[in-house]
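Computation of the quantities below employed the complete heavy-atom set of this structure, encompassing side-chain atoms and omitting hydrogens, waters and symmetry-equivalent molecules. Residue numbers start from 1 in every chain, and the chains themselves are labelled A, B, ... in the order their sequence lines are given, proteins ahead of strands.
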Amino acid sequence: MQYSQLFLPTTREIPSDAEIVSHQLMLRAGMIRKLTSGIYSYLPLGYRVIRKLEQIVREEMNRAGAQEVFLPTVQPAELWRESGRWQHYGRELLRFRDRHEREYCLGPTHEEVITDLVRNEIKTYRQLPRNLYQIQTKFRDEIRPRFGVMRCREFGMKDAYSFDADEPGAEVSYGRMFEAYCRIFARCGLRYRAVEADSGNIGGSFSHEFMVMADSGEDAVVFCEGCDYAANLEKAEIAKPEARKIDSARFLPREEVETPDVKTIEEVCRFLSVKPEEIVKTLVFSADGMPVAVLVRGDHEVNEAKVRNYLGCDSLELADDDTILKVTGSPRGFAGAIGIRARLIADHALLNMTNFVMGANRRDTHVRNVNMGRDFPLREFADLRTAKPGDACARCGKPMQFARGIEVGHVFKLGTKYSKAMRALFLDREGREQPMIMGCYGIGIGRTVAACIEQNHDEAGIVWPMALAPYTVIITPVNVKDEKLFQASQRLYDHLSERGFEVLLDDRDERAGVKFMDADLIGVPLRITVGPKRVAEGKVEIKSRKSGEVSVVALDEREVETFLRERISKEM
RNA sequence: CGGGGCGUGGCGCAGUCUGGUAGCGUAUCUGAAUGGGGUUCAGAGGGUCGGUGGUUCAAAUCCACUCGCCCCGACCA
């Protein structure tokens, strides 16, 4: 491609509404332009990168035995009513009506459509397993899109769905996808981690997120120093502390204290001169409509995902003021375990607490020297809090570390959630009707590209890994008016293009500096500089974008080709 | 949805408080010189100041309404 013909608007200045590097660089390098909030157009350069990634994804999905399909983006409401998600999905689901007033949505994901397709065509275990995937545009009406294509409303996603006849088969399907994902992200040259994730109330036993490590990531990743345990912060399990024998002889007399208008942990600490570790927080939730009080240490945070999983409930939200009043008999801010009219569950950290402070279930009152057993009964202990740096790993007991990550892929075991709801059944060997066991597997295409830039850039711009680079080599004649230089460049360009290289010829009548800046900005891995001094010696320079290393190579098509081939294979 | 900020040539911004000829940088076009890391000089084109309504002799500027965008939070199968 000749640069002068390319629709590639690069900008020198940083667009004012871009916060993170990948967003800034994608705009500056002319890869994307915003149409409206959370909705982007890909320009030729950006789309080339997208297609590179899609190609890698296709190769690995096909290798793993999945077959490509292409499903509709407009989906009828009835399907979503069948799965129950028309009610539950919320406002992220963009709904609309057609001219006949029939209801539709734009697909934010495709479980319903694929399940409908498969249930109509697959009838027997003989036709299983199956894994179907597509690369397609999704629409999720995000409450707050941000960071360019990182969290946007319309985005490209690869989604695959597996259907198996039994649990062991589903395991195999899951494992295949897991492995394919590892290969994909490795081929893209990404530093990533597969972490255990919460599967939420989507059901199923297991879920992994593929996280690209980056400080700008929206997700917190927890990993163990001692073993290979790694998990999303939401999911990260904390080792149960060893329960010491509690000596009730040490219990101090319980004492109510007036704490006017003292509600938050900080206020209680200040007022009573205690540390947060000596306080027990009581949070009242409404779990499927039933009140549940969750006790955690003052310096800990309740993890709602863990509570939800422990209770096995569908909905969990902090109770409203009315419920709090009903359950505790006091306004918000003074809840405690003593005499509370709700199911009581406590985080493990409470196991070894004695003589602690908690709310008295009475306005402007707290209680000192509270002890479990003596002052209130408590049977249910579980891991209910969010991990903090240094917490002990549930697997090996070593301290856990924190890092930031970008979720680029997610593999899920769905189990029979959709196949049961939508009657995707097959006949097993014994002729019995069974629901298929499903898995779903997603990769955010645009997000992966953005994540790649987060990991591969410098002051001057993007530094593409060879596998995703929109062009692998750019030829820069230092002065196009110099016939000799230009012809030499043209000859190289013709030869390399013919030999299948993805090559860009910067034929613009610009100063060398401008061309160098643009080449660096758009991140082409290899640059051939055709300048007067070297050409006079019968040579050209080839510079690596990543290392900055400059090699001098004979100005000869074959020599250059050989050099490039070596370089490319080394960096692939 | 709550809080904050912004909307002025393609991009980045000043001007708004205190109403009075729409400006700067960059980009673009033409010409000339220059030609290995965003070159210099000369000239030119390009703006309903987000929109609507109001106040006023006069509105980018004041008032009301409205639309859009960004940030923080809430929310998020």
Side-chain angles (χ1 to χ4, degrees), chain A residues 9-20 23-24 27-28 30 33-40 80 83-93 105 107-112 138 140-148 151-153 157 159 197-204 207 209 218-219 234 304-305 308 314-318 407 410 412 414-415 417-418 421 440 442 459-461 475-486 489 506 508-522 527-536 539-541 543 545 548 550 552:
Chain A
T10 60
T11 66
R12 190 195 299 213
E13 279 174 287
I14 300 170
S16 59
D17 55 1
E19 287 282 306
I20 60 171
H23 188 197
Q24 294 173 352
L27 288 165
R28 288 190 54 211
R33 287 293 181 261
K34 182 171 70 186
L35 179 63
T36 181
S37 177
I39 300 182
Y40 287 84
W80 287 74
S83 71
R85 291 208 288 185
W86 190 256
Q87 304 303 324
H88 291 299
Y89 205 98
R91 281 163 302 282
E92 262 182 70
L93 185 65
C105 63
T109 173
H110 282 70
E111 281 84 8
E112 280 79 2
K138 307 285 190 222
R140 296 182 186 178
D141 200 356
E142 289 282 345
I143 215 158
R144 183 150 91 83
R146 60 189 124 176
F147 304 145
R151 175 170 296 280
C152 51
R153 299 196 291 170
M157 182 172 174
D159 47 324
D198 183 52
S199 41
N201 51 10
I202 202 162
S207 150
E209 287 169 349
E218 289 190 274
D219 294 284
E234 257 196 345
E304 292 191 23
R308 189 178 291 123
D314 283 330
S315 81
L316 183 79
E317 51 200 13
L318 275 170
E407 182 193 343
H410 201 160
F412 260 111
L414 291 176
K417 180 181 161 103
Y418 296 94
C440 75
E459 240 72 293
I475 302 173
T476 308
V478 150
N479 178 357
V480 291
K481 291 216 176 104
D482 184 325
E483 277 298 311
K484 213 186 243 168
L485 298 187
F486 192 70
S489 303
D506 196 345
R508 295 175 302 168
D509 182 12
E510 288 285 357
R511 311 271 302 187
V514 173
K515 297 186 183 188
F516 293 155
M517 288 295 199
D518 276 332
D520 287 350
L521 175 61
I522 66 177
R527 189 184 79 208
I528 305 178
T529 311
V530 184
K533 279 168 247 154
R534 294 298 186 190
V535 169
K539 296 193 163 94
V540 290
E541 286 168 12
K543 184 171 183 179
R545 175 72 179 89
V550 176
V552 178

- Nearest-nucleotide wise, let me know which of A:Glu142 and A:Ile14 is further upstream toward the 5' end of RNA chain B.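 This one resolves to A:Ile14.
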- Just by protein heavy atoms under 4.0 Å, how would nucleotides 35-42 of chain B read 5' to 3' in B, S and -? BBBBB---
- Message: Looking at A:Arg508 and A:Asp506, is any side-chain nitrogen of the basic one under 4.0 Å from a carboxylate oxygen of the acidic one?
- Response: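 A:Arg508 and A:Asp506: salt-bridged.
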- Item | Test: A:Asp141 and A:Arg91 ion pair at under 4.0 Å |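 Here A:Asp141 does not pair with A:Arg91 in a salt bridge, since their nearest N and O are not under 4.0 Å apart.
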Return the polar atom pairs (N/O with N/O) between nucleotides 3-7 of chain B and the protein under 3.5 Å, or none.
none

Say you pick atom [atom1] in [N] and the same atom in [M]; how far apart are they, in whole Å?
N	M	atom1	answer
B:G46	B:C24	C1'	15 Å
B:C76	B:C11	P	36 Å
B:C75	B:U48	C1'	39 Å
B:G51	B:G37	C1'	45 Å
B:U21	B:U39	P	36 Å
B:G50	B:A14	P	13 Å
B:G19	B:C49	C1'	14 Å
B:C62	B:G20	P	11 Å

- Step-by-step side-chain contact (heavy atoms from CB on, under 4.5 Å) determination, A:Arg33 to A:Tyr40: CA-CA 6 Å; A:Arg33 287 293 181 261; A:Tyr40 287 84; over 6 Å; no
- Task: Using modelled atom types only, decide if a donor and an acceptor are shared between the side chain of A:Thr476 and the backbone of A:Val478 within a distance under 3.5 Å.
- Result: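 No, A:Thr476 side chain to A:Val478 backbone: no donor-acceptor pair under 3.5 Å.
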- Just by distance, do the side chain of A:Arg153 and the backbone of A:Ser37 share a donor-acceptor pair under 3.5 Å? yes
- Message: For A:Tyr89, give me all partners under ring pair (Phe, Tyr, Trp, His ring centres under 6.0 Å), at least two apart in sequence or on another chain.
- Response: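 Once residues adjacent in sequence are excluded, the partners of A:Tyr89 under the ring pair (Phe, Tyr, Trp, His ring centres under 6.0 Å) criterion are A:Trp80.
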Without decimals, in angstroms, what is the distance between [X] [atom1] and [N] [atom2]?
X	N	atom1	atom2	answer
A:Leu316	B:C76	CG	P	10 Å
A:Arg140	B:C76	CZ	C1'	10 Å
A:His88	B:C76	NE2	P	14 Å
A:Gln24	B:G12	CD	P	12 Å

So what's [N] paired with, Watson-Crick or G-U wobble, going by both distances under 3.5 Å?
N	result
B:G23	B:C13
B:G73	B:C1
B:A64	B:U52
B:A44	B:U28
B:U34	none

Return the polar atom pairs (N/O with N/O) between nucleotides 22-24 of chain B and the protein under 3.5 Å, or none.
none

- Task: Could you check A:Ser83 against A:Glu111 for side-chain contact (heavy atoms from CB on, under 4.5 Å), going step by step and ending with a plain yes or no?
- Result: CA-CA 9 Å; A:Ser83 71; A:Glu111 281 84 8; over 6 Å; no
- Query: Atom CG in A:Leu93, atom CD in A:Gln87: separation rounded to 0.5 Å?
  - Reply: 11.0 Å
Taking side chain to side chain donor-acceptor pair (under 3.5 Å) as the definition, give me every residue that meets it alongside [X], ordered by chain and number, with sequence neighbours left out.
X	answer
A:Glu483	A:Gln487
A:Thr529	A:Arg527
A:Glu541	A:Arg534
A:Glu407	A:His410

- By side chain to side chain contact (heavy atoms under 4.5 Å, CB included), which residues pair with A:Lys533, not counting sequence neighbours? none
- Message: Applying side chain to side chain contact (heavy atoms under 4.5 Å, CB included), can you list everything that pairs with A:Arg146, at least two apart in sequence or on another chain?
- Response: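 Partners of A:Arg146 under the side chain to side chain contact (heavy atoms under 4.5 Å, CB included) test: A:Arg144, A:Arg151, A:Glu218.
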- Query: For A:Lys34, what residues pass the salt bridge (Lys or Arg N to Asp or Glu O under 4.0 Å) criterion, not counting sequence neighbours?
  - Reply: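 For A:Lys34 the salt bridge (Lys or Arg N to Asp or Glu O under 4.0 Å) partners, ignoring immediate neighbours, are A:Asp17.
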Could you list, one pair per line, each protein nitrogen or oxygen that sits under 3.5 Å from a nitrogen or oxygen of nucleotides 69-75 of chain B, together with the distance?
from	atom 1	to	atom 2	distance (Å)
B:C69	OP1	A:Thr36	OG1	2.7
B:C69	OP1	A:Ser37	N	3.0
B:C69	O3'	A:Lys34	NZ	3.0
B:C70	OP2	A:Ser37	OG	3.2
B:C72	OP2	A:Arg144	NH1	2.8
B:C72	OP2	A:Arg144	NH2	2.4

- With a 4.0 Å cut-off on heavy atoms, is A:Glu13 in touch with a base, just the backbone sugar-phosphate, or nothing at all? base
